[in-house]
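Here's the structure we're looking at; comments come further down.
From a predicted model like this one, the values you see are computed outputs, not experimental measurements. Just so it is clear: chains get the letters A, B, ... in the order the sequence lines come, proteins before strands, and each one is counted from 1.
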Number of protein chains: 2
Amino acid sequence: MGPNVDRRPPVMADVARLAGVSHQTVSRVLNDHPNVRAETRTRVMRAIDQLGYRRNLVARALVTKHSRTLGVVSFDTTLYGPASTVYGIEQAARDAGYFVSIVSLRTIDRAGVNDAIGYLAEQGVDGIVVVAPQRSAARALDDLPAGMPAVAVEGWHQGEVSVVSVDQVEGARLATSHLLDLGHETVWHVSGPADWLEAEGRIEGWRAVLTAAGRPVPGMLTGDWSPRSGYHAGKELAAMAGDVTAVFVANDQMALGLLRAFTEEGVKVPEQISIVGFDDIPESEFFSPPLTTIRQDFGAVGRRSIDVLLRQIESGEALPHERLVVPPQFVLRGSTAVAAR
Amino acid sequence: MGPNVDRRPPVMADVARLAGVSHQTVSRVLNDHPNVRAETRTRVMRAIDQLGYRRNLVARALVTKHSRTLGVVSFDTTLYGPASTVYGIEQAARDAGYFVSIVSLRTIDRAGVNDAIGYLAEQGVDGIVVVAPQRSAARALDDLPAGMPAVAVEGWHQGEVSVVSVDQVEGARLATSHLLDLGHETVWHVSGPADWLEAEGRIEGWRAVLTAAGRPVPGMLTGDWSPRSGYHAGKELAAMAGDVTAVFVANDQMALGLLRAFTEEGVKVPEQISIVGFDDIPESEFFSPPLTTIRQDFGAVGRRSIDVLLRQIESGEALPHERLVVPPQFVLRGSTAVAAR
DNA sequence: TCTCGTGATGTTAACGCTAACAGAAACCGG
DNA sequence: CCGGTTTCTGTTAGCGTTAACATCACGAGA
C-alpha cells in the first residue's frame, strides 16, 4: 500500500512534516499569527488541503480553556415561543463563531435545570443561556458553578444573573387597553399556568389597566397554553354570554381554542365577543377571524441574550447584572370590535 | 487566606491529594472500574464533593477519542416538524448519555450543509444527524468526512447513509383514498415547494391513488408550507368552486390558509369542499372545522434515527445502510364529508 | 565593523485526563 | 511454605494543541 496506510486522521505534525516546517508554524498559520512569511503560509496551506487536515478543537480547547461552545437549557422546544427563542440564540451564537449545545428538559424544575447546567459545565461550555420561563426553574440559576458566565431568558429579574425578556406586562397593557378603548366595560382573562413568569406578567398588566381605569376585575380562567385548555375556557365563557364582551387570552393557541368553542356555541367573534391573543404565531393571521394579538420578537430576545453573554465571556470579568427588555408590539386584526351597546 | 487561594477549579490531582491516593485511582472511581476497594472509593467520593470537583470532559475526550456529543444539522427549527424532530433527537440522545450540538441553517443548500458538517467534525462529535428534507441538502451527505457515522432524517434513500423518515407516500395515499372513498370524483392537491422530498413523496402518493382508480389527475397548486401560500391557493380553488369538491393539502398550516380563504369566499367546508391536511399540528383539532389530517410521529423519527446512529458509533464499524420508515396515521375529524351529488 | 532590535522559526512544556504497564499485597492450593 | 494467581494501587507516557521561551538571520544605526 501507499504511504498513508493508517486511516488515522492527519494531525498538525503531519502537516508540518509535509510542509517542512514545525508544528508550531502550522499552528501560527491556522491562528492568523502575523509573523509568518507569506511563502511559508501558502506552503502550509497547500499541505493542509493536500492532507485534508482539520484541526482538533478538543485539543485546542484543553489548552486554551475556551471551547467556543455555549450551552442552552430550555424547555419543550416544540412550542413556538421556545423554539423561536432557541433558534434566535443559535443564529446569534453561530454568527459570533460559537457552537451551541442544547439540553431540552421534559419537565422543568430546579433539580432538572441544575443537572443540565452541571452537564454543560463538565462539557466545558464557555457560557450558559437558560430559557427559564418558570419561577422554580429560574431559581436554579442561584447555584451556578462559580465563575460561569450565564444569562436567563424570560426569567426572573432578581438574583445573580442578567436577564433578557419581552416586556410581558406592557404587552398585556396594550391588549387590555385596546379592548377598553373599544368601549368594553371590562375585559376577561384566560391566563397561562401558575408559576410561569410570562403568565404572571400578563396577569399583572391586565389587572393594572383595569384597576387604573376603575373597572371591575372579573374572575380569571386559567389554562395551560394548549388549544384544548382554551377550548374549555371558551365553553365556560360562552355560557356566560351576555356578561362577557371582551377576552384577553394569554397566548394565541388558547385563543384558537376559544374561537373554536365560540363557533360551536354560536357566539360571534368579534360581533358579540372581542378576543386578543398573545405571541403572534404564524397561524394567527389566518384564524377565523384573523386574530388581533401581541407580537413577541423572539429572534431579538435570542440575539440580545447572546450579546449579553458574550460580553461577559469576552471581558473575563463578572459584569454587573443587566435587565434587558424587548418591547412587544400590538397587531390589529379582525377579532376585536367596538362594544355592542 | 485559607489554603485554596486560587479560584482555579479543582482537577483530578487535587482530589487525589486530598484523598491520599493517586490520580489514576480517582479516575477509576469516576469510571466505575471494578477493582477499587470500597473504602477507597468512599474516601475518593468524599474528597470529590468536598472540593466540588467536576471532571473535565474535554481532556477526557482528547484521550478517549469520544466526546459523547452528537451533531445535528437542521433547517428552520421554528417550524413544527423540524422542531419536533430535533426535540425527539435530543431526548433520545440524552437518554443514551450523549450531548447534542445543533446547527440550524438559515437557508439550506449543499454548501451550507457541508460547512455545518465540517464544523461539527472539527468539534469532535461522535456522529451526525442531518435533517435534510431537501434534495440539494441530502446530496451534501455524499461528501461526509470519511469514517464519520451519520444518519439522514427525512432524507433521500439513495447514497451512502442510513435514512429514517415518515412514509410520505403512504400518508398521501391515506389522505387521497379517504376522499375518494367519500365519493369524490377526484382530488386536488396543494403541494409543498419543489425540491422538498416530503412534497415529492406526497405528490407521488396522491397521483398514484388517482391513477390506480382511473380518475383524472387535476392540475396541482404549489405552496411553500406557509399559511399565506395556502390562503392564495384557496382563493384560486374557490374561484373554481363547482369543479373542486376535495383537496389534499400538503401540510396543516397551508390547510389553515385554505380554510380562511374559503370562509372569506363563502365556500362551506366540508359541505361544498372536503379538505385533508398533513402533520397534525396541535392546532389542527381546533380549526373550524377541525381538520382531518395525517399524523406524523416526529418523536419516533427522532428516536429511531438516534438508534441507528448509536448502533453505528458503538459498533465502530461501517454498518450496512438501513432505510427505516415510520408509518403515518390517518386522523378523521370534521373537514371531510361525503361528496354532494 | 559591531551591536542591537525585529521578524521568522523551532523547541519544550504544559493542559487534565485515560491507557498501559508495573508493582505490592493478599489469597490460594498443593 | 512456596510459586502462582488475583486484587488493588501507583507510575509513566501519551492524546493534539497552544504558550512561552529560545534561537537564528538579517538589516539599521553607531
Of all the choices, C:dG10, C:dC17, D:dT17, which nucleotide is nearest to the side chain of A:Arg60 once you look at every atom?
D:dT17
Verify the contact: side-chain N or O of B:Thr25 to OP1 or OP2 of D:dG10, cut-off strictly under 4.0 Å; return yes or no.
yes
Quick test of your reading of the model: are A:Arg106 and A:Asp76 salt-bridged, counting only N-O distances below 4.0 Å?
no
Basic-acidic side-chain contact under 4.0 Å: B:Arg303, B:Asp95
no
Within less than 4.0 Å of OP1 or OP2 of C:dT18, is there a side-chain N or O belonging to B:Asn31?
yes
Between C:dG10 atom C1' and A:Arg17 atom CZ, what is the distance in whole Å?
16 Å
If you find the nucleotide of DNA chain C closest to A:Pro34 and the one closest to B:His23, which residue's nucleotide is nearer the 5' end?
A:Pro34
Separation of D:dA25 atom C1' from A:Asn35 atom CG, nearest Å, is 14 Å
Measure from CD on B:Gln24 to C1' on C:dG23 and round the result to the nearest Å.
14 Å
Testing C:dT9, D:dT11, C:dC15 for proximity to the side chain of A:Lys65, the answer is C:dC15
Could you check how far CZ of B:Arg37 sits from C1' of D:dG10, rounded to whole Å?
14 Å
Rounded to whole Å, CD of B:Gln123 lies from C1' of D:dG16 at a distance of 16 Å
Paired with A:Leu70, the side-chain contact (heavy atoms from CB on, under 4.5 Å) test is passed by just one of A:Leu120, A:Val151, A:Ile306, A:Val125, namely A:Ile306
Taking CE in A:Met45 as the centre, count heavy atoms belonging to other residues, nucleotides or ligands within less than 6.0 Å. Is the count above 12?
no
Compare side-chain N and O positions of B:Thr64 against OP1 and OP2 of C:dA19 and report whether any pair is under 4.0 Å apart.
no
Of the listed D:dT18, D:dG16, C:dG16, the closest approach to the A:Asn56 side chain comes from D:dG16
Contact class for B:Arg55 (heavy atom, under 4.0 Å): base, sugar-phosphate, or nothing?
sugar-phosphate
Between D:dT18 atom C1' and B:Leu62 atom CG, what is the distance in whole Å?
12 Å
Rounded off to whole Å, could you give me the CG-to-P distance for the A:Leu57 and D:dC15 pair?
19 Å
Taking CZ from A:Arg28 and P from C:dG7, how many angstroms apart are they, rounded to a whole number?
14 Å
Using OP1 and OP2 only, check whether a side-chain N or O of A:Tyr53 sits under 4.0 Å from D:dG16.
no
Looking at A:Asp14 and A:Arg8, is any side-chain nitrogen of the basic one under 4.0 Å from a carboxylate oxygen of the acidic one?
yes
With heavy atoms under 4.0 Å as the rule, sort A:Val58 into base, sugar-phosphate or nothing.
nothing
Comparing nearest nucleotides in DNA chain D, the 5'-proximal residue of the pair B:Ala59, B:Val36 is B:Val36
